[in-house]
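To keep things clear, I will list the structure first and then write my remarks on it.
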Amino acid sequence: MAQGALPGFRDFYPEQFAERAYIMDVWRRVLRRYAFSEYDGPPLEPLDLYRKKSGDELVGQLYSFTDKGDREVTMRPEMTPTFARMVAARANSLRKPVRWFSIPQLFRYERQQKGRLREHFQLNADIVGEASVTADAELLSIALDIMREFGLTSSDVRAGVSDRRLLQALVLEAGASEDALSAVYAVIDKRGREPVAISREKLEKAVGSSHVADKIDEFLGITDIDNLFQRYGAVESIAQHLDRLRAYFQYLNALGFADWVKLDLSIVRGLAYYTGIVFELFDTAGEYRAICGGGRYDTLLETLGGVDLPALGFGMGDVVVGELLRSRGMIPATPPRTDYWVAGEEEALTPQVMSVAAELRRHDRSVEYSLKPQQLSRQLKSAAAAGASHAVILKTERFAAGEVTVRNLEAGTEQSMPLEDFINSL
RNA sequence: GUGGCUGUAGCUCAAUCGGUUAGAGCACCGGUCUGUGGCACCGGGGGUUGCGGGUUCAAUUCCCGUCAGCCACCCCA
């Protein structure tokens, strides 16, 4: 058996490529509706670009090596640092807000599993230079619009929404110390993926008090912004974040996505650089990992590029989206890609077959013909197998008189006409 | 990186208790068809049974290792 692709990498045969192209077409179509511009960067980057943000710990999961110039390089594991660098370099001259998207192929050296390979294509959409919550609503609207464009509804996919600032205020209000925050976030992030008792135990350990853990458990269970407001609206440190989140929901309602969004304070996002509203998209059946995740990262451009600009963005991978759509039969079949199959009654007509094919191609038609001498019946069999919608048949005597026969392969009907008339009718 | 399950033709699968030349359908190529496709019938190519080793008179079958795939963990693009 022939050696396959490397583990975690995919060969895209035409059928799979068609699926990938469909997904990317939808992404581009929707992003253009939101007036985003497409960009790209290098697939290979200096290792330091990622060290700076995540530390040496994550370096072990990068697809990195030393190049022939003795540089430590890595296949890009994410797009945000590249994006931040590019924006920072031209920060002063770019019209704000910057609305850019990209569809990079990303790499990570990890053992593959469902919905996760060593390589994937990920839509990245980011907005830079706008701190107000309208931008957050606009951003989530894009991700949801993509779901809708795929044919999914709010009963298929939901967005869970939270806010790091709100969560922090609530956790502090519950009585946890600042030092405990990151440990608490880690526990909250895992909630739902491990047994309740273990989660609870870890939470108590993180905050050092069962009373505080009780209070955290209490607000995590609230999934309605109004309930949260009733309970904590009087607390000044919390109320300001609730007001913002309320506006966020109001804007999403105005954008037409009220049914798709729900408050979920357990959404933290693993990445440390998020600073505000964060969200994740899930399939409601719970079969797949998160379809999409993103949020606000107002300090990252400062950290990476030395430019103080608020920013927010999301990523959506092709693997989970493809699995979801495929399982529901929602990827459109590839339409027949051949318009005309030109067939000659005998081998001597080969140059004429080529001339007709060339003329059709000059008219932007997709054209194929038999590259080896074949009986007419065989040629038509090939035409049918190729999914050609029409055959153009050159018969020796008729073609000498300037006529071709155009056969509709789907209907089984055919018509003879002067070649000129046929070409002019295109 | 850790653990569990699984590997036979391009795909889906078969092969008695370990038994001698590993089969079938689909797909592909061709023939019937000096001429207008899909159907039908017939034929053809395609396998180191993932790979390596062991046990045995004999291994697709049993054992070990390895590689790959799937699933979970870790982690989250």
Side-chain angles (χ1 to χ4, degrees), chain A residues 1-11 13 15 43 45 50 53-54 57-63 74-83 102-124 186 189-190 193-194 198 267-274 280 287 289-294 313-320 323 336 338 341 343-349 370 372-398 404-416:
Chain A
M1 194 181 286
Q3 183 75 41
L6 285 169
F9 287 80
R10 297 170 287 177
D11 287 327
Y13 288 86
E15 308 86 90
E45 291 277 19
Y50 308 98
K53 200 185 77 181
S54 28
E57 189 180 326
L58 275 172
V59 169
Q61 297 184 333
L62 298 179
Y63 224 104
T74 183
M75 307 289 283
R76 60 185 172 194
E78 58 169 327
M79 197 58 179
T80 305
T82 302
F83 171 74
S102 187
I103 307 182
Q105 189 174 22
L106 304 178
F107 306 87
R108 194 142 195 185
Y109 198 88
E110 276 191 304
R111 191 134 165 193
Q112 63 172 318
Q113 56 183 295
K114 187 181 182 188
R116 183 160 199 169
L117 308 172
R118 284 183 172 178
E119 146 276 322
H120 74 154
F121 290 92
Q122 188 193 60
L123 169 66
N124 275 250
D189 191 35
K190 275 237 167 56
R193 282 176 300 182
E194 62 187 7
I198 292 182
I267 288 174
V268 176
R269 303 287 299 148
L271 292 175
Y273 55 69
Y274 288 109
E280 286 182 356
E287 291 174 54
R289 61 179 67 243
I291 298 164
C292 167
F314 71 79
M316 182 188 297
D318 72 311
V319 178
V320 176
E323 283 174 353
T338 306
W341 189 288
E345 192 175 18
E346 56 186 6
E347 191 180 351
L349 285 166
S370 297
K372 63 181 173 188
Q374 279 184 319
Q375 293 173 4
L376 187 54
S377 66
R378 183 61 61 185
Q379 294 179 59
L380 289 169
K381 190 176 267 191
S382 300
S389 52
H390 292 82
V392 179
I393 302 167
L394 276 52
K395 297 192 229 186
T396 309
E397 287 180 21
R398 277 187 179 275
V404 295
T405 300
V406 180
R407 182 175 179 84
N408 182 324
L409 291 171
E410 282 142 34
T413 58
E414 67 178 36
Q415 197 183 351
S416 292

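Each chain gets a letter, A, B and so on, in the order the sequences are listed, and its residues count up from 1.
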Which pair of heavy atoms, one from A/P7 and one from A/R118, lies closest together, and at what distance? O-CD, 3.3 Å
At 4.0 Å (heavy atoms only), tell me whether A/Q379 reaches a base, stays on the sugar-phosphate, or touches nothing. nothing
What is the distance from CG of A/L380 to C1' of B/U36, rounded to the nearest Å? 5 Å
Determine the interatomic distance between C1' on B/G46 and the same-named atom on B/A27; round to the nearest Å. 12 Å
Looking just at side-chain N and O atoms, do A/T396 and A/E346 make a donor-acceptor pair shorter than 3.5 Å? yes
Heavy-atom side-chain contact between A/F83 and A/N124 under 4.5 Å: no
Decide yes or no, distance alone: a donor-acceptor N/O pair under 3.5 angstrom between the base of B/U36 and the side-chain of A/K381. no
With heavy atoms under 4.0 Å as the rule, sort A/G344 into base, sugar-phosphate or nothing. nothing
Between B/A14 and B/A24, how far apart are the two C1' atoms, rounded to whole Å? 7 Å
N/O donor-acceptor pair under 3.5 Å between A/R111 side chain and A/G8 backbone: no
Tell me every residue that passes ring-ring contact (aromatic ring centres under 6.0 Å, His included) with A/H120, counting only those two or more places apart in sequence or in another chain. none
Any side-chain N or O of A/Q61 less than 4.0 Å from the OP1 or OP2 oxygen of B/C76? no
Euclidean distance, atom CD of residue A/E347 to atom P of B/U34 [Å, nearest integer]: 14 Å
Give one of base, sugar-phosphate or nothing for A/L123, where a contact means two heavy atoms less than 4.0 Å apart. nothing
Kindly give the heavy-atom pair with the smallest separation between A/G293 and A/Y274, and that separation in Å. O-OH, 4.4 Å
Let me confirm one number: the CD-CD1 distance from A/E280 to A/I267, rounded to the nearest 0.5 Å. 5.0 Å
Suppose we call a contact any N or O donor and acceptor under 3.5 Å apart; does that hold for the side chain of A/R116 and the base of B/C76? yes
Expressed as a whole number of Å, how far does the C1' atom of B/C75 sit from that of B/U2? 13 Å
Take atom CD of A/Q112 and atom C1' of B/C71, then tell me their distance rounded to the nearest Å. 11 Å
Report the distance from atom NZ of A/K114 to atom C1' of B/C73, rounded to the nearest whole Å. 16 Å
Quiz item: A/E346 side-chain donor-acceptor pair to B/U34 base, under 3.5 Å: no
With rounding to whole Å, what would you report as the distance between B/U12 and B/U56 at their C1' atoms? 33 Å
Taking the side chain of A/Q375 as its heavy atoms from C-beta onward, which of B/A77, B/U36, B/C33 lies nearest to it? B/C33
Taking only the C1' atom of each, what is the distance from B/C17 to B/A59 in whole angstrom? 14 Å
When the nearest nucleotide of RNA chain B is assigned to A/P7 and to A/F107 on a heavy-atom basis, which residue is associated with the more 5' position? A/P7
Quick one: does A/V319's side chain get under 4.5 Å of A/Q112's, heavy atoms only? no
Indicate, with a heavy-atom threshold strictly under 4.0 Å, whether A/Q113 touches base, sugar-phosphate, or nothing. base
Pairwise N/O distances under 3.5 Å, protein to nucleotides 25-30 of chain B:
unit_1 : atom_1 : unit_2 : atom_2 : d
B/G30  : OP1    : A/K372 : NZ     : 3.0

May I have the distance from A/I393 (atom CD1) to B/U36 (atom C1'), rounded to whole angstrom? 5 Å
What is the distance, to the nearest angstrom, from the CG atom on A/L376 to the C1' atom on B/U36? 5 Å
Over all heavy atoms of both residues, which pair between A/L62 and A/Y109 is shortest? Give the atoms and the distance, please. O-CB, 3.6 Å
Run through RNA chain B and report every stem of 3 or more consecutive Watson-Crick or G-U pairs, distances under 3.5 Å, ordered by first number. B:1-7 with B:67-73, B:10-13 with B:23-26, B:28-32 with B:40-44, B:50-54 with B:62-66
Could you tell me the separation between the CD atom of A/Q374 and the CG atom of A/L380, rounded to the nearest 0.5 Å? 10.0 Å
Say you pick atom P in B/U49 and the same atom in B/A22; how far apart are they, in whole Å? 9 Å
Separation of atom CE in A/M79 from atom P in B/C76, rounded to whole Å: 22 Å
Using the P atoms only, state how far B/C28 lies from B/C70, rounded to an integer number of Å. 27 Å
Take atom P in B/U48 and the same atom in B/U8, then report the distance between them in whole Å. 12 Å
Between atom CD of A/Q415 and atom CG of A/N408, what is the distance when rounded to the nearest 0.5 Å? 10.5 Å
Mind checking A/G412 for me? I need base, sugar-phosphate or nothing, with any heavy atom below 4.0 Å counting as a touch. base
Need one value for A/R111: base, sugar-phosphate or nothing, where a base atom within 4.0 Å counts as base even if backbone is also close, heavy atoms only. base
Could you tell me how far apart A/R289 (CZ) and B/C74 (P) are, to the nearest whole angstrom? 11 Å
Trace of the side chain to side chain donor-acceptor pair (under 3.5 Å) decision for A/E110 with A/Q61: CA-CA 6 Å; A/E110 276 191 304; A/Q61 297 184 333; 3.1 Å; yes
